[in-house]
Amino acid sequence: MEQLMGNLKRQIIEALNLKHLKPEDIGDDQPLFVEGLGLDSIDALELIVLLQQHYSIKIENPQEGPKIFRSVKTIAEYITAHKPA
Amino acid sequence: MTIYIKGMGNISPQRTWGSDDLLSSPLSYAGDKLSCVEPDYASFIDAKQIRRMSRVIKMGIASAAMAMKEASVPMPDGIITATGYGCLEDTGVFLSKMVGNREEALNPTPFIQSTHNTIGSQIALLLQCQAYNQTYTHNAFSFENALLDAMLQLSEAPRRSLLAGGIDEITGQSHEIQSRFGIFRKQSNNSLQLFSERSGTFHGEGSAFFVLSGTPGENDIASVNALTSVYKPSYAELTEAVRNFLSQAGVTLTDVDLVLSGKSGDALSDGHINRVCGDLFTTTPVGAFKHLCGEYPVASAFGCWLAARMLKAQRVPEIVTPQYEGQQLKNILLINQYFGTHYSLILLKAC
């Protein structure tokens with residue numbers, strides 16, 4: 001889980017071009033949207049694409065988005081639970 | 001209709017922003033393209049907003065900000081953008097990923113920002129400007145049509161301040177694709193010597209924005225008094241167009257103090273423009289500017305910026321022409337051409 005979260009932080013920084021941040025600047029439980037990293041709806045789409053490209057995971061139900069993308073930890077938990085065998 | 005230039009911002013392959021004297025130390029480039037000297041965009045755009053922007057968007061926003069600052073206009077009454085190529089970098093990323101990912105899992109950002117009107121939209125978003133917003137994408141007439149739109153709007157409401165500009169970028173992909181046509185010079189080692197050879201030109205890029213108003217003021221940089229465009233004219237048609245253009249503007253051939261030629265260094269493209277300059281303006285100095293900015297669809301925006309700066313400074317840098325001998329500079333005629341098809345005439349006057 002620790003390694004997965006580290007990879008996710010690097011991938012998020014690259015995908016969203018957050019050049020001013022380093023992986024260690026992003027807390028495992030830190031909210032990604034609004035008051036946390038300040039991500040927005042376009043970033044949410046980028047994160048959906050990231051999961052598809054790097055982990056072959058398609059989010060079928062968009063209603064789950066806010067729960068899945070709340071923090072790096074919730075994304076990692078979702079990947080762990082849904083990663084194809 | 002006369003419109004007045006209140007402020008300008010220009011990001012180009014030369015040091016055209018900041019405190020440098022007008023083209024006092026022109027930059028030379030080797031190869032076949034000229035790339036912009038860019039400012040630190042962090043001083044123009046918030047870090048959170050800058051992360052999604054491609055280079056052309058940042059160039060547009062920064063040069064627009066420079067123009068508004070010089071004009072002391074914090075909020076324009078309209079934004080008019082001209083671009084021949086649009087946002088090429090994001091278009092390239094989007095199309096490459098579409099092919100690479102077999103049309104699945106496509107990133108939204110480059111798609112959203114690949115449209116031609118992204119630059120004008122981003123300027124409006126940052127300013128929270130909900131006024132008129134238009135983008136002209138008419139190849140090498142884009143800037144001319146943006147300027148014409150500004151003139152028409154200001155003829156109806158002269159007190160308005162409009163932000164109008166032209167912008168195009170070079171990307172690796174666009175340069176590679178255009179190079180296949182054999183239009184660029186083969187490995188020259190000095191772009192400032194553009195006119196010493198006769199085949200091919202330098203690929204260029206740049207972003208020049210202007211704050212324009214229909215009302216004269218104390219700090220005007222110059223005025224734009226007339227403009228027209230001519231598509232694929234014969235030599236005779238171009239000659240006639242220049243005569244008619246000046247006549248309608250109430251200016252004689254000898255009233256023109258300087259002709260600023262958009263010759264590109266390629267003899268085939270420059271044939272008409274060189275003949276017109278030589279035949280009509282026998283005693284008038286003829287300067288050039290594409291050895292400074294390269295060739296691109298909205299290069300006339302660079303020419304317009306240069307003409308206005310020279311009128312304000314009452315000085316013609318030697319790199320533009322060594323022929324000018326310091327007499328009063330009242331009228332500059334900008335004659336641009338783009339690969340021998342798109343010709344435009346812009347008359348600028350000192351204020």
Please lay out, stage by stage, how B/Met53 and A/Asn17 fare under the test side chain to side chain contact (heavy atoms under 4.5 Å, CB included).
CA-CA 10 Å; B/Met53 294 176 183; A/Asn17 202 19; over 6 Å; no

Any chance you could lay out the side chain to side chain contact (heavy atoms under 4.5 Å, CB included) test for B/Thr109 and A/Ile42, step after step, and finish with the verdict?
CA-CA 7 Å; B/Thr109 305; A/Ile42 296 174; 3.5 Å; yes

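By the 6.0 Å contact criterion, OH on B/Tyr132 is enclosed, its count of non-hydrogen atoms from other residues, nucleotides or ligands being greater than 12. Environment of CD in A/Glu24: crowded, with over 12 heavy atoms of neighbouring residues, nucleotides or ligands closer than 6.0 Å. Dense packing is recorded around CD of A/Gln30, with more than 12 heavy atoms of other residues, nucleotides or ligands lying under 6.0 Å away.
Heavy atoms closer than 4.5 Å to chain B are found in the backbone of A/Leu37, but not in its side chain. Contact annotation for A/Gln52: only side-chain heavy atoms (C-beta onward) come within less than 4.5 Å of a heavy atom of chain B.
Atoms CD1 and CG, on B/Ile112 and A/Leu45 in that order, are 7.0 Å from each other to the nearest 0.5 Å. Put simply, NZ on A/Lys19 and CZ on B/Arg51 are 12.0 Å apart, with the number rounded to the nearest 0.5 Å. Separating the CG atom in A/Leu18 from the CZ atom in B/Arg52 is a distance of 9.5 Å, to the nearest 0.5 Å.
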Let me have the donor-acceptor pairs involving side chains of residues 75-85 of chain A, under 3.5 Å, with sequence neighbours excluded, atom names and distances please.
from: A/Thr80; atom 1: OG1; to: A/Ala76; atom 2: O; distance (Å): 2.7
from: A/His82; atom 1: ND1; to: A/Tyr78; atom 2: O; distance (Å): 2.9

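Looking only at distances, a side-chain donor or acceptor of A/Gln53 sits under 3.5 Å from a matching main-chain atom of B/Ala105.
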